[in-house]
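Working notes, structure below.
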Amino acid sequence: MSFLSVEGLKKHFGGVKALDGVSFSLDKGEVHALVGENGAGKSTLIKILSGVFPHDEGSISFGGEAYQPANPHEAKELGVQVVHQEFNLLDHLTIAENVSIERMPRSRFGVLDRREMNRRARMALDAIGLTDIDVRAPVSSLGIAHRQLVEISRALQFRSKILILDEPTATLTERETSRLFDIVAGIKADGVTVVFVSHHLEEVFTICDRVTVFRNGKTISTDKIEDTTPEGVVQKMVGRELLANDRVDAQQLPKGEVALSVKDLVTTANPSGKGVSLELHYGEIVGLAGLVGSGRTEILRGIFGIDPIVSGKIFRDEKPVRFSGPRDAIAAGVGFVTEDRKDEGLILDMPISANISLANMGAVSSSGLLQFASEQRRARESGQKLKLKYGKLSDPVSSLSGGNQQKVVLAKWLSRNPKVLLLDEPTRGVDVGAKAEIYAILKDLARDGVSLLVVSSEIPELMTLADRILVLAEHQIQGVLTPAEFSEENILKLAYGQSQTGGDKLQ
Amino acid sequence: QADDKPVVGLIMKSLANEFFQNMLVGAQAHEEKRGDYKLLAVGMQNETDFESQINAVENFITQGVDAIVVAPADSRAMVRPLKKAMAAGIVVVNFDVALDADAKKQQNVDLAFVGPDNRGGAKLAGDALGKKLGAGGKVVIIEGNPGADNANERRLGFEDSVAEYKLDLLDSRTAHWETEEANTVFSNMLTAHPDIQGVMAANDSMAIGVVKALESAGRDDIVVVGFDNIPAVGPMIEDGRMLATVDQFGTDMAANSIDLALEVVKGGAPLEGWVKTPIELVTAN
Amino acid sequence: MTSQTMTEPVPAQARLSVRSVLQNAGIGLALLALILFFSVFTEHFLTPNNITNILTQITINLVLAVGMTFVILIGGIDLSVGSVMAFAAVVAGKAITLPGFGPAEAIALAIVAATVTGVACGIFNGVVSAYWALPSFIITLGMLNIARGAALQVSDAQTIYSFPFAFEEFGSSMVYGVPVVFLVALLLVLVAWFILNFTVFGRLLYGIGNNEEAVRLAGHPVFWYKVAAFTICGFTAGIAAIVYMARLNISSPIAGIGFELNAIAAVIIGGTSLSGGRGSVIGTLLGAFIIGVLANGLILIGLSDFMRQMITGVVIIIAVVLDYYRAKYTSK
Amino acid sequence: MTSQTMTEPVPAQARLSVRSVLQNAGIGLALLALILFFSVFTEHFLTPNNITNILTQITINLVLAVGMTFVILIGGIDLSVGSVMAFAAVVAGKAITLPGFGPAEAIALAIVAATVTGVACGIFNGVVSAYWALPSFIITLGMLNIARGAALQVSDAQTIYSFPFAFEEFGSSMVYGVPVVFLVALLLVLVAWFILNFTVFGRLLYGIGNNEEAVRLAGHPVFWYKVAAFTICGFTAGIAAIVYMARLNISSPIAGIGFELNAIAAVIIGGTSLSGGRGSVIGTLLGAFIIGVLANGLILIGLSDFMRQMITGVVIIIAVVLDYYRAKYTSK
Ligand SMILES: Nc1ncnc2c1ncn2[C@@H]1O[C@H](COP(=O)(O)OP(=O)(O)OP(=O)(O)O)[C@@H](O)[C@H]1O
Ligand SMILES: Nc1ncnc2c1ncn2[C@@H]1O[C@H](COP(=O)(O)OP(=O)(O)OP(=O)(O)O)[C@@H](O)[C@H]1O
Ligand SMILES: [Mg+2]
Ligand SMILES: [Mg+2]
């Protein structure tokens, strides 16, 4: 029955044992979830299965035969398709070219058949609901969620035996996610096996048949979904009872003074020309909700002085300020956890400790000279505080799992003790345990009087964290919700731009 | 040509070489003095940039100059474009380096040469060294750019002296006309052959590098000769750090060639054969 | 998702092309400015003869720059093209002057010899740098030395000459005042343009320069594509050798010194990114024209050599600065 | 993998150095192999005199390569160093031969003139390429032409000579057989090493080469850091000019042609990545030694010029291939 099985698989990178005895099997036509904390080894297993690199020990059999693909091409030939966790798109090429990258259609004489290529891309994108995107535009013109969808559609266009999706939903909002689930259900019905990685257990329990739990490079268990519960899975993942989150602390803290406010802000990235206004108080967490591309990131970038401001004003402690660049914003006590950790947040080749001190070099140096001891100490402390999982502080950040990389970004800004912290998708790709930890940290910050503005595509996240949620659509704030009004329905209604109905208008 | 003065196109090699820079200055002074012609002068980007000389010939044909006076960077490559110029009715004078005889024959070009005897000049310097060292003297040659005609001629001239004075040629290497490279290359040659007694450098820039290498090595028993007589070697010859160099009177060479060209332009008889220009061995006092 | 500026009536591709035309036009404008300037300030610049001269003079650089475009697009660089050209010319020169062949055979032999030599050097560059994932800068710097040494060794540092008359003929023949060798270069540009834009191979080269790992993960043999790019560059160095021989009627072992920088400059001035993945061979064509027009015009204008060299540097810088503002303006 | 291996007794930085020593040892092994080879196969290689020669001969390249390391670390390149060196030497030569100064003043004047010239060119390179985010390859190629033209213009293409005796003295003086000019270069290496490893500035240069945007978003003035890197490179070109003058006792406007490639080669052979962010100046030191030892040894061994050039190319390639295997081996 099981047509792919993995036995005692091991893989190490230098001193890091990424896989330390992994065994599991896939049945034909099932949707099989892999879950585990950040760095548990899920992506590593997937890369071995897809021929990116070989394993050290153990065996894999696929369709009754020994399976050890030498390269991605061979794996694809054998019917294994993957959507990797990291983006693998070619920014400068068109969407159609990206969709067809594995096998571009040729007409006679090996000439590229653009018409056919565009047609296929159109079909592939339509299938996943991206009907309003021009396939001839370069990928660089897409937002992060659209890119993810393009990658998924690329993998979906082939009839594969096994389709592996490594955290496909991390960058998607609910709508795309449910669309994806419909598609997964469809191909499952065709007898394709789907491997699904996610840190969202509710997703796992929605579409998966079985779930395998990873911990520290080992497989702990495989269960039928109906035989287990989310709580049980979490417990296996972390190896302990997860501390109950004290987030039902409904006791509303009194709002502090206004820490930062924005009046009619229009940046160069905002095509609508109508400004955005908002206020952040000390000790408050404000959520910023909206669909992909609704303009959340651009507000944060505008405030932080990255994108030039066309019109509008920013006030810090009620005093007008001009941030001509991140430097000014930081000097005014503002921090910004960016959305794209790879491109904007981290210096991947540099040590963990160096990344943590990047925004606060003053604290780890004196008269321009680095103080390694203090840098190490500070890095170790923030590592402990955020429960960072790493080998050595001198390892490059690139050796960390995605979730742990995200924690490093957070640590970098926390080390500055910002008064105002802007966060763009702060828990993207972070496992449940770590997410809870990050929530606790953010709540603590608010309690200490920091003012936080959180952008997230996960509505539950905003509902847990925020004291207020602003909803954005078409670069405009459509409304503001108080905790009493928090519900997915309310938020989505505003986010779809039906601003006339429901929700109080802002100010 | 507005004022009907004949136009002379002067094509030199790299003006970054002070020999040609001085020549240009000489030619410009000459234009001033004579006042009856217009001078257009071009050099090339670097020694090996033959194409820009050919481009220059083509540009001069385009501009319809009356005469082209050219110091060819390559004795073979220039034959054909110059033939084109002659076919366009332009008076061509070849100076400094003679066009290759075989190549001329093949292209059916008959063109006189105005200039010094590079090989003979090098032999003058080589002979001075030979006389000083006597038979069996151990010498090395520092060559110019391999593949460059004047480098070739000068090497041949040195080799003539080696044969005539029965010198012992230990090594022969290029330093691409350049002081720093000559310094390095010669230092290493000296390590390999500590018994060197004499050095023939194909130009003075390299001779300077050799002299400095000798100073660093603390050797004052090795005799150096150069070529070109640039001002910087004056003091070295004066105080005996160099034995001799060779002066080709480059400053006048272009000017003299221009005179000859204008002669022909005005209806004089075409030049023939080799119009030799003076060379002189320069030694102390 | 709903949002998005869905009000776009023009298909993106159309706008893309317009933009990419403007992209090239940017550097084209700098070229136009140069041409205008020299037309006004010199007497002979726009004469048919001078235009012929310019076309002849940019040919070799253009040929080399076409191959260089492939290598730079995949994020590599080839410093060896000048030396490889000289080596190929010397080998071809030896071949063409072999006794006992008729002119046609001798010429054919030379063409084969030059391209085979160029291709062999290109394959070496590609295989060594791609197989071990080594910086092509240093590998081709090694090849620069190897090929130059080989050229000098094979020719014994002598200029090789006396080629068949038909060869010369070809080197200096014109079609309506356009040098045939320039037409050869133009043909190469067109073929390269076609390959880069209309074949799977070409698109994957862009892809490799953009994100090599992604192309590898998509199952393509990236190694061979990279080797192919370097091979093409070696091939064009071989073609350049033939053009050189036909034009100068000699083979010199010291030809082509510094040509690599000129070729790279043409590619980069033409808007191709040194980090790979972006650019076009049409840009390269314009870049080669800028360099050629500048060299020609500054001589016509009668500047001293040293001033000319300085101005060349200044204009190169101004061209890319202008291009920056053009890009900024058109992206608005 | 097991979480929080907090049991690390050695501070990360120290271990980093061990690894970086191994990193460099890789290319160091290639160097050792070369030295061994030449010691066995030539008579004079390991003599004190020859060692002195080698040290003298690598000095200029080493000085240039130190500055080049800064520029390459931020992901740039500087093709102008050879020309800028010549320009600085010519300006300093003019200064030092000004009438009416005593030797000490003249020398001081020359040193100031050379470094100021170098620094000015570096600032230009840095400001233009960083302000408009233009490829430094093309900007410094422009500067290559500008500085060379300026050097020729200022000197009127004449070699400048007759410097004060004390200057020569300095150029040829030794400390226990080690040339003082080499000690100057070594001092530069040490200072650079210190800056790159122990200062915030150095750390951020690595960061910029790695991910410029991340450094910018962390609030650092990336523009000024980039300008600083190019300025340092210009500064070392000025120092190289002084070394050149002291060693040869002349200033030549055609000095330093092609030096940029040698300096870049030293940096890359030394393991610094051309795309920036990774490498070390100690590697550069070893890279410069490899190039210098090779040039010296191949002459001692009596190879002909052409063979020597070919072998140089081959050895450069072999060195980086060896380094590949070393890196592979040590990372296991
Ligand atoms: N190329 C690599 N070099 C060194 N270490 C690596 C490399 N790739 C992965 N690792 C390490 O292997 C371990 C497993 O990583 P992996 O990416 O498989 O985790 P994951 O379960 O996918 O985590 P996440 O949920 O955060 O994506 C981690 O400790 C990671 O740091
Ligand atoms: N580099 C870019 N080029 C072109 N359009 C862009 C670019 N970046 C963003 N946009 C567009 O600007 C709009 C706002 O983008 P923004 O990133 O602020 O949205 P967001 O709500 O943060 O969504 P996301 O989830 O994608 O981050 C979107 O229409 C997006 O497609
Ligand atoms: Mg993963
Ligand atoms: Mg966003």
Side-chain angles (χ1 to χ4, degrees), chain A residues 50-52 71-77 82 84 86-98 100-106 109-112 114 117-118 129-130 132-139 141 143 145-146 154 173 175-176 268 271 290-295 473-475 496-497, chain C residues 1-20 23 73-75 191 193-225 271-273 275-280 328 331-332:
Chain A
S50 58
V52 176
N71 52 45
H73 185 66
E74 210 172 297
K76 285 180 204 301
E77 289 293 300
V82 197
H84 287 285
E86 306 298 335
F87 283 120
N88 283 298
L89 292 174
L90 307 165
D91 300 1
H92 307 319
L93 299 193
T94 65
I95 294 163
E97 283 169 333
N98 271 280
S100 291
I101 187 76
E102 285 175 23
R103 210 170 298 140
M104 290 194 185
R106 299 165 204 249
F109 315 120
V111 174
L112 180 62
R114 277 187 193 266
M117 183 174 76
N118 291 341
L130 278 182
D132 55 357
I133 290 221
D134 190 321
V135 297
R136 292 166 298 183
V139 163
S141 67
H146 286 158
R154 169 162 95 189
T173 53
R175 201 167 65 143
E176 292 97 19
T268 50
L291 299 178
V292 166
S294 56
E474 318 245 1
H475 310 275
Y496 284 122
Chain C
M1 267 282 307
T2 43
S3 48
Q4 260 68 357
T5 39
M6 290 284 65
T7 45
E8 30 170 329
V10 202
Q13 188 65 25
R15 267 184 296 120
L16 244 180
S17 327
V18 171
R19 200 207 290 169
S20 79
Q23 175 87 11
L73 274 179
I74 63 162
V191 170
W193 175 76
F194 182 83
I195 291 178
L196 287 174
N197 288 288
F198 297 99
T199 69
V200 176
F201 171 69
R203 298 320 292 166
L204 289 177
L205 290 186
Y206 276 93
I208 290 171
N210 203 183
N211 184 346
E212 186 177 326
E213 193 54 23
V215 176
R216 198 190 314 277
L217 288 179
H220 296 290
V222 169
F223 172 79
W224 291 112
Y225 282 87
T272 296
S273 154
S275 48
R278 251 171 318 159
S280 87
K328 197 172 154 171
S331 80
K332 284 266 168 80

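So that the names make sense, note that chain A is the first sequence line, chain B the second, and so on, each numbered from 1.
If you take CZ on R106(A) and CZ on F201(C), they are separated by 11.0 Å, rounding to the nearest 0.5 Å. Taking CG of D91(A) as the reference point, atom CG of N210(C) lies at 5.0 Å (rounded to 0.5 Å).
A side chain to side chain donor-acceptor pair (under 3.5 Å) check over residues 194-208 of chain C, counting only residues at least two apart or in different chains, returns the pairs E97(A)-R203(C).
Between chain C and the residues H92(A), E74(A), E77(A), the largest count of heavy-atom pairs under 4.5 Å involves H92(A). Comparing A214(C), P221(C), G277(C) by how many heavy-atom pairs each has under 4.5 Å with chain A, the most go to A214(C).
Between H73(A) and G219(C), the shortest heavy-atom contact is ND1-O, 3.0 Å. In plain terms, the two heavy atoms of V200(C) and P105(A) that are nearest each other are CG2-O, 4.5 Å. Heavy-atom minimum distance, L90(A) versus G207(C): CD2-O, 3.3 Å.
Using a 4.5 Å cut-off on side-chain heavy atoms (C-beta onward), V52(A) and L217(C) make contact.
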task: Step by step, work out the side-chain contact (heavy atoms from CB on, under 4.5 Å) result for I101(A) and L204(C).
output: CA-CA 8 Å; I101(A) 187 76; L204(C) 289 177; 3.3 Å; yes
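There is no contact between N71(A) and chain C, counting heavy-atom distances below 4.5 Å.
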